[in-house]
Structures are given as C-alpha cells and as structure tokens.
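Right, one structure below, let's go through it.
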Amino acid sequence: MSNIRHALNVKRADDFAQWYQEVISAADLAEESGVRGCMVIKPWGYGIWERIQRLLDDRIKNTGHDNCYFPIFIPLANFEREAEHVDGFAKEMAVVTHHRLIQDQKGKLVPDPAAKLEEPLVVRPTSETIIGDAMARWVQSWRDLPLKTNQWANVVRWEMRTRMFLRTSEFLWQEGHTAHADAAEAKEHTLRMLEVYRACAEEDLAMPVIAGEKPENERFPGAVETWSIEAMMQDGKALQAGTSHYLGTNFAEASGIRYQDPEGSQQLCHTTSWGVSTRMIGGVIMTHGDDDGLRVPPTIAPRQVVILPMLRGKEGDDALIEYCQSLHDQLAKQSAFGERLRVLLDTRPGKAAAKRWDYVRKGAPVIIEVGGRDMDNDVVSLLRRDQMWAENGKPDFQTPTREEAANGMQELLYAIQANLFQQAKERRDANIRTDITDIEGLKEHFADTAVHPGWVQVAWSKPTGADLDAVVETLKDMKLTVRNVPMDDTPTTGACIFTGAPAVERIYVAKAY
RNA sequence: CGGGACGUGGCGCAGUCUGGUAGCGCACUACACUGGGGGUGUAGGGGCCGUAGGUUCGAAUCCUAUCGUCCCGACCA
C-alpha cells in the first residue's frame, strides 16, 4: 500500500486544491497565459474539449438545433434592454471603447482619443441579447417556430478570483437559444436540454450528476426558471456542470421577438437558453483524477490506447516497431462507442518506462508496452489506468496475446468507462445524507472535518424573497449553498429545516465551487 | 476588490535580513554503461533573478510603482 510510488507529488487527501493544479500541469492540460484569469489550453486538454464538443454537438443536433455564430461584440444599448440581465452581468464586463492605437510622446502605444467609439461595445458574457435581436428578425409567423439555434463560442466575464477550467475570465462554451410559441413548449424544451446535459455528463464524461431546479436566488439573471446538473467532486464540493433556463417572455419583450398566430394576432415568444463550458473539464479532473494524475474516460480521451515499444536504439527496433504498428493498425480499424478507436503508437526515441508515466499522468485509459520478449512470445504488456496498481505496489501489467489484446479492446474500453462511472457514483451516493432535520445537525455535520462532508438533502418550504435571503445568509455562515431540487424528488412531508413551515420539497445543500 | 504569501534557467527551490554582479535538484544535450522497466556514470547547454523606475561606485538583494500567481474573504448562471 504505502510502498506505491505515485506519479504526483501531492495527494488528494493532503491538499485537494494544490492537487488539482498539479494534475493540470502534470497531465499537460493547460498553463498560465500571463493574462489575468486567462489560460492556454494545451493539446491534451483541448483534445478532451474537442471530444466533449463532438459528442455534445451530436446530441444538440439530434434534438433539432442548428449551429450559428454571433458576434463577440455586443452594442451597449443592446445589452441594456433586460434589466435583471444587466444587474447580473454589469459588474464583470469587458468593454471596448477605442478602435485604434497611437504612440504617445514617450513612444508608448495608447488608445487614440480621436478613435473613440461613439457607442462602446461589450465583450459578450453570454449572448441572449444579440441573439434575441436576430430572433426578432427571423421570427414572423407561428410557422417559424420553434426556432432552435446553438453556438460554440468564447465568452468573457471579468472574474475576481479565477481557477483553471472552473472559473476563468475567458472560457469556451456552447450556448443554445430557442424561441417557442408558448410557455409549455418552452418549459418542456428547457427540461429536454437539461436531460441532454445529464446524458452527456453521465454517459460521455462518466460523471454522475443530479439534475434539478435551482432555487430562486441562484437563477440566471433574467430567467424565470433555472435548472442545473450538479456533480460531486472528490472533496465533497458541488460543481454546477451545466444550466438550462426558461426565460419566459423577458427577453422576447426586450428584443421584440413576436410572431403572428394562426388567428392573426401578435404574440410574444417564450425563449430558453442553456450552456455547458470548459468547466466540464474541471469536473472530469475532480471526478476521475487520482494520486497518479488524471484518468480520462475512454469516450472523451484524445487517445484511448497508447502503444509504447521498448526501443533500445539497436537493430531489432525496426522489427519491434513493425510488430507494434500491426497492433496499432488492427486496433485502429475497430470501433467503440460508435466511433473508431483512437490509438497512438509512440515511437519517439526514449525509454518506454519513462514515457509510460507521462501517459499515466495524462490518464490515457489503456497503456500497452511491448518489448522484444513480448514480441517473441506474441504477447503485449497492458496496463489499465483505472486500476493500475497491483497488490505488490507495482503497476499491474497484464500480458494477453496480441490477438487477445486486439480483440478484447472494445470490451475493455467499455469496462473502463463503466468502472469510472461506477466508482464516481458509489463515492457520491456514499456521501449524501438525507437524515438531517435541523440546523444544529447541519452545523455539526459540516463542522466535523474528520468526516467527508459531501451533500445533505434537506426538507424545505421553498421560501422566497426576504425569507429566502435569510436562509441563504444562515447557510453562508456555514460556507454552504443551496444547490438544486432534484427532478425525481417525491412529495415530502414534515417541517422545513430552515423556516419550520411545512416542507414542500427536498433540496441539496453543499459547499460549492 | 480587501487580507496574507509569492514571482530567480522547462519544473521545484536556495541565495534577499547583513548589496559586490547566480547556485542546487529534477528535466534537457552528448557519450558510455545498463537492459522488462520512472536505471547509472562522465561531460555539457540554458537564467541580464516578473517588468519599469529610483538609491548606490556597485542591486536578485534596499525603496517606489506596476503586472502576474496562489491561499482566505467578498463576489459570482
């Protein structure tokens, strides 16, 4: 046990925040950019994002959406139209005020006063307003509805405190925007996209989530309802991994999105918006990472299988590479999860044993090392990243024949995917308490640092306004937040843990990212 | 944005208090040895010490400003 020499210097149990950063650098996912709050996403990290994009984009297309692209700059006046929206975002906006630079007396480049924009442009923090404008043009008749669009884009929110992938000033995301004829259809669509996110998180990212409705205080600025998927990280904190909003007619009114109904009268559209971002990658790290680095689920791994020939820089290398190449080709012809296998044969000079640890840290699901002796016996040495340590504290290499390795790969990848999900789900379920019925109990539970705090689901009366503010304040003192009310929540009885009034539903309470 | 810490070769650090012009480990390069495993040895390459001013004969070291990073808080779809 303790004689295992892990690939990272920091252990999750010792310092989770530092471990998180260590994984990002050790797995070569991203690095600092020198620009406050902005990061450089490196090939392995971006490769994971591309995988998520591909899989989610398919799901979005399959639910009837087409991709568009809207400008990164939004006229200030345009942004001003929805009051709550402005309140929510005004304090974190990047603003463009000039369109030219000139050199001052000292030779420094400064904005040219003569090139000041008459109306400043804001860098989009989200695109409801500018897409609303387009929708107002595109929608005339009830026959134009529903209008279902999506865009993949970057957005900017001037964050006070940033953390790689979890909260950066600039981040990449997908934002869907739809317009519907009535509330029922729009609400139904909001939930449909929430379900798409749930499926994407659980099936593609192997990250179990709770899908549910956000309480009033956590709503998106300008939304009537906000729904989310919440994932539990290994330190017990909750991560909001995706949101879906029913916007009512708020943005339709602001942008004039109207249609003529079959009877000939003008009606306001009901709109929705929903998004997931590169934050998902932070979720993958904190869901699947271990003391040896990242573990990437096969569905989103840029490379699912890495083959490392044990080269010696001598004659014999060529035959070994040929042997590995044939394994590579055999694997690359196969499929799993409805796609061709992604296999890397790494023939760069260097020791296989040394390179192995790079891929362990990156979390490649399957690592295959092949030496001369393997070749002679027509076998390979195969390491499963999701269960890589043997009893003796050494990497647990299996030695199937080349045929067995090739023929069993699809099944192996399915098994790894399932195992990662299972591990995460068991850990989450083991860390949810549902038996706490008073504030004191809540305090005790979260004060005891010896116990993994996780989440607590409590009965509550769904307070609003000032009553809700009081609840939020109470929780804040304990560094807790209300997360969401799960969709499959059954009617509850008893008293609200906060107000004492009759409870109407059960909500998750947790520390959060 | 408030409090704290920090910024020295790719990474991790020492040197800063007591100014004299840069060092260690890992990584990297070459060669040799080794050869089922993150190996060993020898020899090398790489840094105007975040940036800009200032004090001084002389600044990584002292002063000022500024940029960036981390932690705590406030804030946050």
Side-chain angles (χ1 to χ4, degrees), chain A residues 4-10 15-18 20-22 25-26 28 31-39 84-85 87-93 106 108 125-128 155 157-164 166-169 171 173 175 214-223 225-230 239-247 273-277 279 292-293 308-314 316 320 349-361 367 369-377 379-381 383 388 394-395 397 399 472 476-477 479 481 483-484 512-513:
Chain A
I4 290 179
R5 184 179 160 200
H6 285 290
L8 296 187
N9 300 317
V10 189
D15 187 339
F16 196 78
Q18 208 193 323
Y20 176 76
Q21 289 181 167
E22 176 86 7
S25 105
D28 224 13
E31 64 184 19
E32 296 299 338
S33 63
V35 180
R36 183 193 204 95
C38 297
M39 62 179 173
E84 278 189 40
H85 197 60
D87 276 354
F89 287 109
K91 52 193 170 298
E92 52 184 32
M93 303 285 285
K106 291 175 190 162
K108 289 219 163 188
T126 178
S127 305
E128 272 73 10
V155 287
R157 297 176 189 181
W158 214 262
E159 300 289 350
M160 287 295 120
R161 189 174 170 187
T162 59
R163 310 185 73 172
M164 283 211 187
L166 297 176
R167 177 170 281 110
T168 45
S169 292
F171 57 93
W173 78 344
E175 52 179 322
K214 286 295 217 182
E216 182 184 290
N217 62 307
E218 299 267 338
R219 264 183 217 145
F220 173 76
E225 292 174 5
T226 286
W227 299 73
S228 72
I229 52 171
E230 305 275 335
L239 180 75
Q240 178 176 299
T243 51
S244 185
H245 317 287
Y246 166 57
L247 303 172
S273 71
W274 24 277
V276 304
S277 69
R279 179 178 240 210
D292 297 299
L308 304 174
M310 296 164 65
L311 302 173
R312 291 185 173 179
K314 293 177 183 167
L320 191 58
K351 301 213 168 181
K355 285 195 274 185
R356 169 170 83 225
W357 294 101
D358 291 339
Y359 292 106
V360 164
R361 284 183 278 261
I367 297 168
E369 292 180 34
V370 186
R373 206 175 300 164
D374 292 318
M375 181 169 65
D376 294 342
N377 297 322
V379 299
V380 300
S381 299
L383 187 65
M388 61 177 280
K394 298 215 163 115
F397 278 101
T399 52
V472 170
K476 202 168 164 185
D477 292 342
K479 296 182 180 178
T481 58
R483 304 314 302 163
N484 69 11
Y513 278 100

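Judged by closest nucleotide on RNA chain B, A:Glu369 is the one of A:Arg279 and A:Glu369 placed further toward the 5' end. With RNA chain B read from its 5' end, the first of the two nearest nucleotides for A:Phe220 and A:Thr162 is the one closest to A:Thr162.
Contact of the A:Glu32 side chain with the A:Met164 side chain is registered, since non-hydrogen atoms from C-beta on lie closer than 4.5 Å. The shortest side-chain heavy-atom distance between A:Arg356 and A:Leu383 falls under the 4.5 Å cut-off. Residues A:Thr126 and A:Phe89 meet the side-chain proximity criterion, which asks for heavy atoms closer than 4.5 Å.
A salt bridge between A:Glu230 and A:Lys214 is present, with a side-chain N of the basic residue lying under 4.0 Å from a carboxylate O of the acidic one.
Separating the CZ atom of A:Arg5 from the C1' atom of B:G38 is a distance of 6 Å, rounded to the nearest angstrom. Residue A:Leu8 contributes atom CG, which lies 14 Å from atom P of B:G12 at whole-angstrom precision. When rounded to the nearest whole Å, the span between CD of A:Glu32 and C1' of B:C67 equals 13 Å. Atom CG of A:Asn217 and atom C1' of B:C76 are 12 Å apart (whole Å). Going from atom CG of A:Asp358 over to atom P of B:G10 covers 19 Å, rounded to whole Å. Nucleotide B:G36 holds its P atom 17 Å from the CG atom of A:Leu308, rounded to whole Å. Taking atom CD of residue A:Glu22 and atom C1' of nucleotide B:C70, one finds them 14 Å apart after rounding to whole Å. Going from atom NZ of A:Lys214 over to atom P of B:C76 covers 13 Å, rounded to whole Å.
Scanning atom types as modelled, one donor and one acceptor separated by under 3.5 angstrom connect the side chain of A:Asp374 and the base of B:G36. For A:Lys355 against B:G38, no side-chain N or O and base N or O form a donor-acceptor pair under 3.5 Å. For A:Arg161 and B:C1, a side-chain-to-base donor-acceptor distance below 3.5 Å is absent, hydrogens and geometry of angles not being considered.
Residue A:Gly371 is classed as a base contact, given a heavy-atom separation below 4.0 Å to a base. Across all strands, A:Gly242 comes closer than 4.0 Å to no nucleic acid atom at all (heavy-atom distances). Looking at heavy-atom distances under 4.0 Å, A:Pro125 makes contact with a base. Across all strands, A:Gly275 comes closer than 4.0 Å to no nucleic acid atom at all (heavy-atom distances). A:Ser381 comes within 4.0 angstrom of a base, heavy atoms only. A:Phe397 comes within 4.0 angstrom of nothing in the nucleic acid, heavy atoms only. No contact: A:Trp158 has no heavy atom under 4.0 Å from any strand.
B:U42: Watson-Crick or G-U partner is B:A30, with both key distances under 3.5 Å. Nucleotide B:C13: paired with B:G23 (Watson-Crick or G-U wobble, both distances less than 3.5 Å). B:G35: no Watson-Crick or G-U partner with both key distances under 3.5 Å is found in any strand. Nucleotide B:U56: unpaired (no Watson-Crick or G-U wobble partner with both distances less than 3.5 Å). As the counterpart of B:A5, B:U69 is assigned, both hydrogen-bonding distances of the Watson-Crick or G-U wobble pattern falling under 3.5 Å. Pair check for B:A74 finds none; no Watson-Crick or G-U wobble contact set falls under 3.5 Å. Nucleotide B:U61 forms a pair with no other nucleotide shown, judged by Watson-Crick or G-U wobble geometry with both contacts under 3.5 Å.
Between the CD1 atom in A:Ile229 and the CG atom in A:Leu239 there is a gap of 9.0 Å [rounded to 0.5 Å].
In this structure a side-chain-to-backbone donor-acceptor pair under 3.5 Å is present from A:Glu175 to A:Ser127.
Of the candidate nucleotides B:C72, B:U34, B:C70, B:C70 has the atom lying nearest to any side-chain atom of A:Gln21. Side chain of A:Met160, nearest nucleotide from B:G36, B:A74, B:C72: B:A74. Comparing B:G39, B:G35, B:C76 against the side chain of A:Arg167 picks out B:C76 as the nearest. Minimum atom distance to the side chain of A:Ala7 is reached by B:G38, of the listed B:G36, B:G38, B:G35. Comparing B:U69, B:G36, B:A74 by their closest approach to the side chain of A:Lys476 singles out B:A74.
Remark: the separation of the P atoms in B:G58 and B:A14 is 29 Å, to the nearest Å. Taking atom C1' in both B:C11 and B:U69, the straight-line distance is 15 Å, to the nearest Å. To the nearest whole angstrom, the two P atoms, one in B:G41 and one in B:G25, are 11 Å apart. Comparing B:G50 with B:A22, their P atoms are spaced 15 Å from each other, to the whole Å. One C1' atom belongs to B:G46, the other to B:G9, and the distance between them is 6 Å to the nearest Å. Taking atom P on both B:A30 and B:C6, the two are 39 Å apart, rounded to the nearest angstrom. Remark: the separation of the P atoms in B:G39 and B:C26 is 11 Å, to the nearest Å. Across the P atoms, B:G3 and B:A65 are found 13 Å apart, a figure rounded to whole Å.
Under 4.0 angstrom from either OP1 or OP2 of B:G68 there lies at least one side-chain N or O belonging to A:Arg36. Between B:G36 and A:Lys394, no contact under 4.0 Å exists linking OP1 or OP2 to a side-chain N or O. A close approach under 4.0 Å does occur between a side-chain nitrogen or oxygen of A:Arg373 and OP1 or OP2 of B:G36. Put simply, A:Arg163 has a side-chain N or O that comes within less than 4.0 Å of OP1 or OP2 on B:C71.
For A:Trp357, the CH2 atom sits in a packed shell: over 12 heavy atoms of surrounding residues, nucleotides or ligands are nearer than 6.0 Å.
Taking both residues in full, the closest heavy atoms of A:Pro309 and A:Ala352 are given as O-CB, 3.7 Å, listed atom of the first, atom of the second, then distance.
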With side chain to side chain donor-acceptor pair (under 3.5 Å) as the criterion, how do A:Ser228 and A:Gln240 come out once you've worked through the C-alpha distance, each side chain's angles and the decisive distance to 0.1 Å?
CA-CA 7 Å; A:Ser228 72; A:Gln240 178 176 299; 4.8 Å; no

